[in-house]
Amino acid sequence: MPIALVDCNNFYVSCERVFNPKLEGVPVVVLSNNDGVAVARSAEVKALGINMAEPWFKIEKIAKKYGIIALSSNYTLYGDMSARVMSTLANFSPKQEIYSIDECFLDLSGFPPDSLMAYGQKIRQTVRQNVGIPVCVGIADTKTLAKLANHCAKKGYAGRDGVCDFGRFNQEVKTKVFSKIPAGDVWGVGRKISEKLLTMNIKTVEDLRTANPEMIRSQFSIVLSRTQNELNGIPSIELEDSGTSRQQIMVSRSFGTPVTSLEGLSESVAYYATTAAGKLRQDGSVASSISVFIRTSPFKNEEYYENSLVVPLMNPTDDTTILVKAALSGLKKIFRNGFDYKKSGVMLMGLQPKDALQKTLFDDTDKQTKSDNLMHVMDSINQKMGKGSLTIAASGLGHGWSMRRENKSPSYTTDWSELPVVR
DNA sequence: ATGCTCCTGCGAA
DNA sequence: CTAACGTTCGCAGGAGCAT
């Protein structure tokens, strides 16, 4: 019955610290793409009152004063570190659900209940030793409670040394702990729902747990009902097998500098469609439609414009050239002159496994084989020579729109050419 | 009435 | 130099459409 939620502490910051010990003990933030907002903060930065998703230009003044080190995000590095953490954790349970880049659930059914604290410690020490990343462990009978236990472990509320097992608490102790935690800290309760809960005088986790279930179901949704069940120890969210492939692929970026022309937008859209098609082939899937969107900045005091369009594909495909053409045809229809565009993107939808693809009347086997060969060559060249070595002409070469990354660390684990030279 | 597909809103990391 | 505010994914529920 027990489930563990293992979550890496300040994951991106911790990744950077593994390779640069000078970052230890000093305030560090990692910024999002385009150096836009803070997406990871060290404990020292959190202590300064800097929030998640705080824009960098607002942090910058404080940063100078306190010597905050700001790093551009390096997703290649974090992805590789994540894979190492996850494979280490896989050894601790026959069933693992990788929930995000920095956390996973482990099924601990059948483990002796009184040994779980020690097991949690073992997990922490092993990950720290093998990968160098600090983690916290929360253990409870449902996924929602395991998340909450992890929250407690991180805050040091209850539990010791980064591990918290609710199985050791009786209801009285749980009530005491739950009464101190805001309802908004519960997994599945975001800004909107916690605001609405507050108007009903539901402030804490304990308030939510003991609220009238019929009222929760009628005033909110089936999702919050399940969350409430889980807070009461009734499992209502299944542990999923990782390995089920995703249902959509999204590639979008904000621009470093605004784009006004159709040509500029076309380059970006072609580039994103190319990237998305690569991911699609990696998954071994084909897409049956592609959606394209563009938008201006929602923050500027100018007229806002955003639009999107879904372009259906006659035959589901993983061919870059077809996907790029479709995306560009959609872009042409939604483009309006006279705007400063700040972002564009592409989404592949209706994904299905390529091998299960139904043959249609329009199928041309010879053409299909040629396309597959071309895509294979494209993928292997990009694999050998580095991402973006070979793209289609429509994506251009200048990339004046591409994002800012002023302070990126080297891709230590995945790119030889970025390793520092040692003499 | 019933069953779809599409779109939007919300949440999470 | 100024201005500058992320990305990707799943799910639920309602709208709109066809039958």
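First the proteins, then the strands, lettered A, B, ... as listed; each starts at 1. Note that the structure is a prediction, hence the values are computed from the model and not measured.
- Heavy-atom neighbours of A:Tyr66 OH from other residues, nucleotides or ligands within 6.0 Å: at or below the threshold of 12.
- As a whole-Å value, the separation of A:Phe57 CZ from C:dA3 P is 11 Å.
- Identified under the salt bridge (charged side-chain N to carboxylate O under 4.0 Å, His left out) test for residues 227-246 of chain A, with sequence neighbours left out: A:Arg246-A:Asp283.
- Within 6.0 Å of NZ on A:Lys95 lie more than 12 heavy atoms contributed by other residues, nucleotides or ligands.
- Toward the 5′ end of DNA chain C lies the nearest nucleotide of A:Lys342, the other residue of the pair A:Gln247 and A:Lys342 mapping further downstream.
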Salt bridge (Lys or Arg N to Asp or Glu O under 4.0 Å) between A:Arg209 and A:Glu206, worked out | CA-CA 5 Å; A:Arg209 185 183 77 81; A:Glu206 184 65 8; 2.9 Å; yes
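- Applying the salt bridge (charged side-chain N to carboxylate O under 4.0 Å, His left out) test to A:Asp340 and every residue at least two apart in sequence or in another chain returns nothing.
- In this structure, the salt bridge (charged side-chain N to carboxylate O under 4.0 Å, His left out) partners of A:Arg17, at least two apart in sequence or on a different chain, are A:Glu44.
- When distances run from any side-chain atom of A:Asn33 to the nucleotides C:dA12, C:dC5, C:dG6, the shortest one goes to C:dG6.
- By the 6.0 Å and 45° rule, A:Lys143 stacks over the aromatic ring of A:Phe105.
- Separation of the P atoms belonging to B:dA13 and C:dA4 is 30 Å when rounded to the nearest angstrom.
- When rounded to the nearest whole Å, the span between CD1 of A:Ile216 and P of C:dA12 equals 17 Å.
- Under the ring-ring contact (aromatic ring centres under 6.0 Å, His included) criterion, A:Trp56 pairs with no residue, sequence neighbours left out.
- The distance from atom CG of A:Leu48 to atom NZ of A:Lys65, rounded to the nearest 0.5 Å, is 9.5 Å.
- Atom P of nucleotide C:dC9 and atom CD of A:Glu97 are separated by 16 Å, given to the nearest angstrom.
- Distance from the side chain of A:Met250 is smallest for C:dT8 among the nucleotides C:dG10, C:dT8, C:dT7.
- Between A:Arg226 and the phosphate of C:dC11, there is no side-chain N or O to OP1/OP2 separation shorter than 4.0 Å.
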Sugar-phosphate or base contact per nucleotide [nucleotides 13-19 of chain C; S, B, -; heavy atom under 4.0 Å] | S------
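- A heavy-atom distance below 4.0 Å to DNA chain C is reached by these residues of residues 58-81 of chain A, ordered by number: A:Lys58, A:Glu60.
- With salt bridges taken as basic N to acidic carboxylate O contacts below 4.0 Å, none links A:Asp319 and A:Lys325.
- Remark: A:Asp102 engages no residue in a salt bridge (charged side-chain N to carboxylate O under 4.0 Å, His left out) (not counting sequence neighbours).
- For A:Glu54, the salt bridge (charged side-chain N to carboxylate O under 4.0 Å, His left out) test picks out no residue, with sequence neighbours left out.
- Applying a 4.0 Å cut-off to non-hydrogen atoms, the residues of residues 277-307 of chain A that approach DNA chain C are A:Phe299, A:Lys300, listed by residue number.
- Summarising the geometry, the separation between CD on A:Gln219 and C1' on C:dA12 is reported as 17 Å, rounded to the nearest angstrom.
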Review item, side-chain donor-acceptor pairs of residues 327-337 of chain A, under 3.5 Å, at least two apart:
from: A:Ser329; atom 1: OG; to: A:Ala326; atom 2: O; distance (Å): 2.7
from: A:Arg336; atom 1: NH1; to: A:Lys333; atom 2: O; distance (Å): 3.3

Going 5' to 3' along nucleotides 5-13 of chain B, which nucleotides have protein heavy atoms under 4.0 Å from the base (write B), which only from the sugar-phosphate (write S), and which from neither (write -)?
-> --S--SSSS
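- For residues 125-134 of chain A, the set of pairs meeting the side-chain hydrogen bond (donor to acceptor under 3.5 Å, both in side chains) definition, not counting sequence neighbours, is empty.
- Between the C1' atom of C:dT8 and the OH atom of A:Tyr272 lies a distance of 14 Å, rounded to the nearest Å.
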